[in-house]
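Encoded as structure tokens, the structure appears first; notes follow it.
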Amino acid sequence: VQLQASGGGLVQVGDSLRLSCASSGGTLQYQVIGWFRQAPGNEREFVAAISRSGGIVRYADSVKGRFTISRDHAKDTVHLQMNSLKSEDTAVFYCAARFGSSTRVVYTGKSDYNYWGQGTLVTVSS
């Protein structure tokens, strides 16, 4: 699985962005997908994750109610819709994947994931 994260950019506070995670090698069908972010000088932190089926999702408290993770099974892509962006959301966002042993499992730890994309930069300007 070779992950490609895209959709980052420079936006203003309060704006929205949609990030996408796709695979250039191997299907995401059986993978749990997580989004993480890393701001300069900070550790990489969990943002959101979605189960294989898409029926189970988890969010970091800092993004609940603003971000939505979803799967497009037809396009074999996972999206992270980010609304009401804040300056503190500025970071490089990474998508990660791990084989899901069931359709109901999700993972929230960095060490849980085997595959990582290259990251896409999100800059929220005030």
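Under a hydrophobic-cluster definition in which Ile, Leu, Val, Met, Phe, Trp and Tyr are linked whenever side-chain heavy atoms come within less than 4.5 Å, directly or via other members, V63 and F46 are assigned to different clusters. The hydrophobic clustering, which links ILVMFWY residues whose side-chain heavy atoms are closer than 4.5 Å, places Y59 and V78 together. The hydrophobic clustering, which links ILVMFWY residues whose side-chain heavy atoms are closer than 4.5 Å, places I33 and F67 together. When the side chains of ILVMFWY residues are joined at heavy-atom separations under 4.5 Å, either directly or via intervening members, V57 and Y30 end up in two distinct hydrophobic clusters. In this structure, W35 is not a member of the same hydrophobic cluster as V106, with clusters built from ILVMFWY side-chain heavy atoms closer than 4.5 Å.
Residue pairs meeting the salt bridge (charged side-chain N to carboxylate O under 4.0 Å, His left out) criterion with at least one partner in residues 11-30, sequence neighbours excluded, are absent. The salt bridge (charged side-chain N to carboxylate O under 4.0 Å, His left out) analysis of residues 25-51, with sequence neighbours excluded, yields the pairs R37-E45, R37-D89, E43-K110.
Between atom CG of residue L19 and atom OG1 of residue T77 there is a gap of 12.5 Å, rounded to the nearest 0.5 Å. For the atom pair SG (C95) and CD1 (I69), the distance works out to 9.5 Å, reported to the nearest 0.5 Å. From L80, atom CG reaches atom OG1 of T68 across 8.0 Å, with rounding to the nearest 0.5 Å. If you take CZ on R66 and OG on S84, they are separated by 7.0 Å, rounding to the nearest 0.5 Å. How far OG of S23 is from CD of Q2: 7.0 Å, rounded to the nearest 0.5 Å.
The aromatic rings of W116 and Y94 stand perpendicular to each other, their planes meeting at an angle above 60°, with 30° marking the opposite boundary. Classification of the Y107-Y113 ring pair by plane angle, with boundaries at 30° and 60°, yields perpendicular.
Enclosure of atom CZ in F99 by more than 12 non-hydrogen atoms of other residues, nucleotides or ligands within 6.0 angstrom is indicated.
Q31 places a side-chain N or O within donor-acceptor distance of the main-chain N or O of R98, the cut-off being under 3.5 Å. With hydrogens and angles disregarded, a donor-acceptor distance shorter than 3.5 Å links the side chain of R71 to the backbone of S51. T103 places no side-chain N or O within donor-acceptor distance of the main-chain N or O of R52, the cut-off being under 3.5 Å.
With contacts defined as side-chain heavy-atom distances shorter than 4.5 Å, the pair R104/S53 does not qualify. Proximity of E88 to K86: side-chain heavy atoms (C-beta onward) are separated by under 4.5 Å at one or more points. Residues V1 and L28 are in side-chain contact: their nearest non-hydrogen atoms beyond the backbone lie under 4.5 Å apart.
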Identify every side-chain donor-acceptor pair in residues 118-126 under 3.5 Å, counting partners at least two apart or on other chains, and give the distances.
unit_1	atom_1	unit_2	atom_2	d
Q118	OE1	A5	N	3.4
Q118	NE2	A5	O	2.9
T120	OG1	G8	N	3.0

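Residues D76 and G26 share a closest heavy-atom pair of OD2-O, 4.3 Å. The minimum heavy-atom distance between Q38 and N42, with the atom names listed, is NE2-O, 3.1 Å.
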